[in-house]
Amino acid sequence: MGGQESRTAGRRDRLDRPFFLPTYRPTLLPSYTSPMPVPRLRFAPSPTGYLHVGGARTALFNWLYARHYGGQFLLRIEDTDKARSTDESTRAIFEGLVWLGLTWDEEVVYQGANLPRHQADARRLLDAGAAYRCFCTREELDQRRAEAEARKEPFKYDRRCDALPRDEVQRRVSAGTPFTIRFRVPEGSTGWDDLVHDTISFPNKDIEDFVILRSDGTPIYNLAVVSDDIAMRITIVMRGDDHISNTPKQILLYRALGAELPAFAHLPMIHGLDGKKLSKRHGATAVGDYQHMGILPQAMLNFLALLGWSPGNDIEVMTVPRMVELFSADALLKKASVFDPAKLEWMNGQHLSLLTSAELEPRVTPAIVKAGLATEHELAGRREWYLMLLDQLKVRSRTIDDIVRQAGPYLRDEIAYDPAAEAKQWKDRPATAELLRATRDALAAVGPWEPAPLEESLRALAEARGLGGGKLFQPLRVALTGLAVSPGIFDVLVLLGRERSLARVDAAIRHLAS
RNA sequence: GGCGGUAUCGUCUAGGGGACUAGGACGGAGCCCUCUCAAGGCUCAAACACGGGUUCGAAUCCCGUUACCGCUACCA
C-alpha cells in the first residue's frame, strides 16, 4: 500500500508541473492580449439523425449567447462514430440550422478530421504519466462487470494494468498486444461553477479511470471533445445536462493537458407530454418536420427559447432580434420542460399575424405552388390581390399549411361543395335556389364591387325578405366557396370579383336544380 | 445498485424571506363581438411534491424523504 501511495504521489508531482503544449499556445495568444476575450461557443451535434428539437434548442441558446454578448458561434460535427454517422444527417443538420437562421461564424469543424491531434493528445497524456496503457480486453471487462453486477456491487475499473511492471508493459507493447489508453483519475474531487446549476462537484473516487483512446487508436468522446474545444478556443461549453457527469472527466483532461478551463452551462432536457425523454413516439421531433408543417422559423425559435429560459415581465411573443436583446445567461432555468405542440401552434399563429402579407408571401407561395393551386407566375401576375387574400387568411391560420388549405376556393377555377356544409346550409334546396337567384340579381345590380355597397345591397335584400343576415349569407357562402367557413362574406365577394362571384352563384343554382 | 441533477396550475413560466387572496401564457369551460370560422375583449376552474428545521414571518434558506430524469461502454 505504501508503494502504491508513493508511486501515485510521484505521478502527482509530474502532473502538478504544467507541461508545455506548444501547439496550443499560439492559438491562445489573442486572449492574452485582449483584456476581455470574446465568448466562443459551439454547437456540436453528432450526425446520427435529423436535427432534433432538443438539439435545436441547444444550438439556439449557444447562438443567443454569442449574439447577445458579442461572441462567436461555431459548429462542430462530431462524426467520430463512423458506424452511426451519415452524410445525410450532416446535411439535415445544416439545413435545419440554416432554416432556423442559426448560422455559424467560422468554417464547420469535422471532428473526424482531427484524429491526429486526438491521438497526439492521448500520447502526450501517456508520456506525461497522466494516462496508462490498459491491456484488458473488452470480453474480460464485460465479464468482470457482469460479476460485479451479480454481487450487486458497483463496477469500477480496478486499475490492474496501471500496476503492471514497466518491463511487462514494454514486452506486451513489443509483442503487439492491443491496448487502450486510460486516464488516471487523481484523488480529490472535481467541481465547477455551472452557469445554470451553480456549483456541482463529484468525488473523484466515483470516477473510474476512463478510456481515452481505443485499441484501434481512435479517441473516446471525452477526449475528442476536450481536444477540439481547446483547439477551437471555446470559452463556454453550453450543452444538454445529460453531459453533467462527463464534465468532471473533461475538466480533469483540460488540467492534464495544461489548458485553461472553459465555463460550463448545462441546459435542461426537453421531454414529451408524458414526461419521458422526447422521442419519435411523441410525434414530430425533427426540426424539418415542423418546417414542412408550415411552422415559421421565428416561431419555432421563440417557442424553443421559452423552454428553459424566460425573459420575465410576462413577455412571451418575441421577434428574433428581441430575443437576442433580452437574452441573459442567468435567466436560464434548471428544470426539464415538456414540449407542447399546441403551444407551438399558438406561437406560430402569433408570428403569422405579426408578419405583413408581403413578408408572408415568400413563405406561402412555394407551399401554394407545391399544392398545385397556382403557379408562381400567376400569383405574381396579381400580386396586390394575392396579398389581400393572405391578409384575409392569415388571421384564421396557425400554420402556413392552414393558409394553403383555405386558399383553394379563391385560386381554383372549380369548387367542390362540402357535403356537411351543403346539408346544413342548403337544407331546403328549392327555397335555397330561389334565394340564391334573388341574391344573384341583387349582386348583379351592385355598382362598385366593394365591401360597403355589397353589404348595403345584401342587407337590404335580407330585410326585404324578413331574414337575418346569416340566413342569407350562409347559403351564399357555400355557393361561393363550397364551405361553411370562410372570411367575412363581403371580403369573399371582393376577393372573388364580380364575374367569378356571379358565376359561382349560377353554378350553385344549377347544382341545386340537378 | 452507485453517482449526479431537478421539483410552482395538465403544460410553459413569474416569484429570489413580508408587496401572495401565488401573477401571466398555452390548453379547457363560459360570456361578449358576430354572417360562419378565426382573431380580439372579459370571466371561471386549475399549482407552491411531502416532512422537519431556521426565522417574528418561508413558494423563496437548510436538512431529510419521495418522485422523475441523466450518467454509470474500447457510444456520443
Side-chain angles (χ1 to χ4, degrees), chain A residues 44-48 78-81 83-85 111 134 136-138 141-142 145 148-149 151-156 178-182 194 197 200-203 205-208 210-216 218-222 224-225 240-248 266 268-269 271 273 275-277 303 306-317 333-340 342-347 349 353 392-398 402 406 421 424-425 455 458-459 462 468-478 481 483-490 492:
Chain A
S46 45
T48 54
E78 307 214 321
D79 53 355
T80 51
D81 184 348
R84 288 193 294 158
S85 299
Q111 190 159 62
C134 174
C136 299
T137 65
R138 200 191 297 254
L141 258 10
D142 285 348
R145 223 185 315 269
E149 174 110 14
R151 275 179 273 122
K152 293 190 171 179
E153 281 170 20
F155 177 77
K156 196 179 139 193
F179 60 85
T180 61
I181 296 182
R182 281 186 189 269
D194 197 275
H197 290 269
I200 303 180
S201 100
F202 290 76
K205 66 172 174 55
D206 292 326
I207 307 169
E208 74 169 354
F210 53 99
V211 173
I212 55 175
L213 203 72
R214 296 187 187 91
S215 50
D216 67 357
T218 59
I220 286 294
Y221 173 75
N222 284 312
V225 165
D241 66 14
D242 48 340
H243 286 289
I244 284 179
S245 28
N246 280 322
T247 306
H266 288 97
M269 301 274 89
H271 292 158
L273 255 3
K276 302 274 186 254
K277 195 183 162 100
F303 173 73
L306 260 20
L307 259 33
W309 175 68
S310 166
N313 300 112
D314 295 333
I315 298 169
E316 298 223 76
V317 180
L333 274 5
K334 308 177 206 208
K335 200 188 82 166
S337 49
V338 172
F339 187 93
D340 180 3
K343 187 149 184 177
L344 204 212
E345 286 215 354
W346 167 80
M347 183 64 81
S353 47
Q392 286 299 331
L393 300 185
K394 74 173 188 187
V395 68
R396 45 205 110 224
S397 300
R398 292 204 149 186
D402 284 345
Q406 295 177 72
K424 180 149 192 235
Q425 305 301 343
E455 174 157 14
L458 290 187
R459 291 221 186 263
K471 291 275 186 261
L472 182 60
F473 304 156
Q474 280 300 84
L476 177 58
R477 169 170 284 112
V478 179
T481 66
L483 305 171
V485 169
S486 82
I489 199 73
F490 311 111
V492 171

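Naming: A, B, ... by sequence-line order, numbering from 1 per chain. Treat the numbers as computed from the prediction; the structure is a model and nothing was measured. These numbers come from the heavy atoms of this one structure, side chains and all, not from hydrogens, waters or symmetry mates.
- A:Phe210 pairs by the ring-ring contact (aromatic ring centres under 6.0 Å, His included) definition with A:Phe183, not counting sequence neighbours.
- A:Glu149 pairs by the salt bridge (Lys or Arg N to Asp or Glu O under 4.0 Å) definition with nothing, not counting sequence neighbours.
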Every protein N/O within reach of nucleotides 61-64 of chain B N/O, cut-off under 3.5 Å:
none

Under 3.5 Å between N/O atoms: give me all the protein pairs with nucleotides 36-41 of chain B, atom names plus distance.
| from | atom 1 | to | atom 2 | distance (Å) |
| --- | --- | --- | --- | --- |
| B:U36 | O4' | A:Gln474 | OE1 | 3.2 |
| B:U36 | O4' | A:Gln474 | NE2 | 3.4 |
| B:U36 | O2' | A:Ala484 | O | 3.1 |
| B:U36 | O2 | A:Ser486 | N | 2.9 |
| B:U36 | O2 | A:Ser486 | O | 3.0 |
| B:U36 | N3 | A:Arg477 | NH2 | 3.2 |
| B:U36 | N3 | A:Ser486 | O | 2.6 |
| B:U36 | O4 | A:Gly488 | N | 3.2 |
| B:C37 | O2 | A:Arg396 | NH1 | 3.0 |
| B:C37 | N3 | A:Arg396 | NH1 | 2.5 |
| B:A38 | O2' | A:Val395 | O | 2.9 |

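- Listed by chain and number, the residues in a salt bridge (Lys or Arg N to Asp or Glu O under 4.0 Å) with A:Arg138 amount to none (sequence neighbours excluded).
- Take A:Pro203 and apply the side chain to side chain contact (heavy atoms under 4.5 Å, CB included) test, not counting sequence neighbours, and it matches A:Lys205, A:Asp206.
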Contact letters for nucleotides 1-15 of chain B, in which S counts primed atoms plus P, OP1 and OP2 and B counts the base, heavy atoms under 4.0 Å: B-SSSSSS--SBSS-

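- For A:Ala484, the side chain to side chain contact (heavy atoms under 4.5 Å, CB included) test picks out A:Ala421, with sequence neighbours left out.
- Checked against ring-ring contact (aromatic ring centres under 6.0 Å, His included), A:His197 has no partners two or more places apart in sequence or in another chain.
- The residue A:His266 sits apart from the nucleic acid: no heavy atom pair falls under 4.0 Å.
- Every side-chain hydrogen bond (donor to acceptor under 3.5 Å, both in side chains) that A:Arg84 has, sequence neighbours left out, goes to A:Asp81.
- In terms of the side chain to side chain contact (heavy atoms under 4.5 Å, CB included) criterion, residue partners of A:Arg145 (sequence neighbours excluded) are, by chain and number, A:Leu141, A:Asp142, A:Phe155.
- Listed by chain and residue number, A:Lys343 satisfy the side-chain hydrogen bond (donor to acceptor under 3.5 Å, both in side chains) test with A:Glu316 (two or more places apart in sequence, or in another chain).
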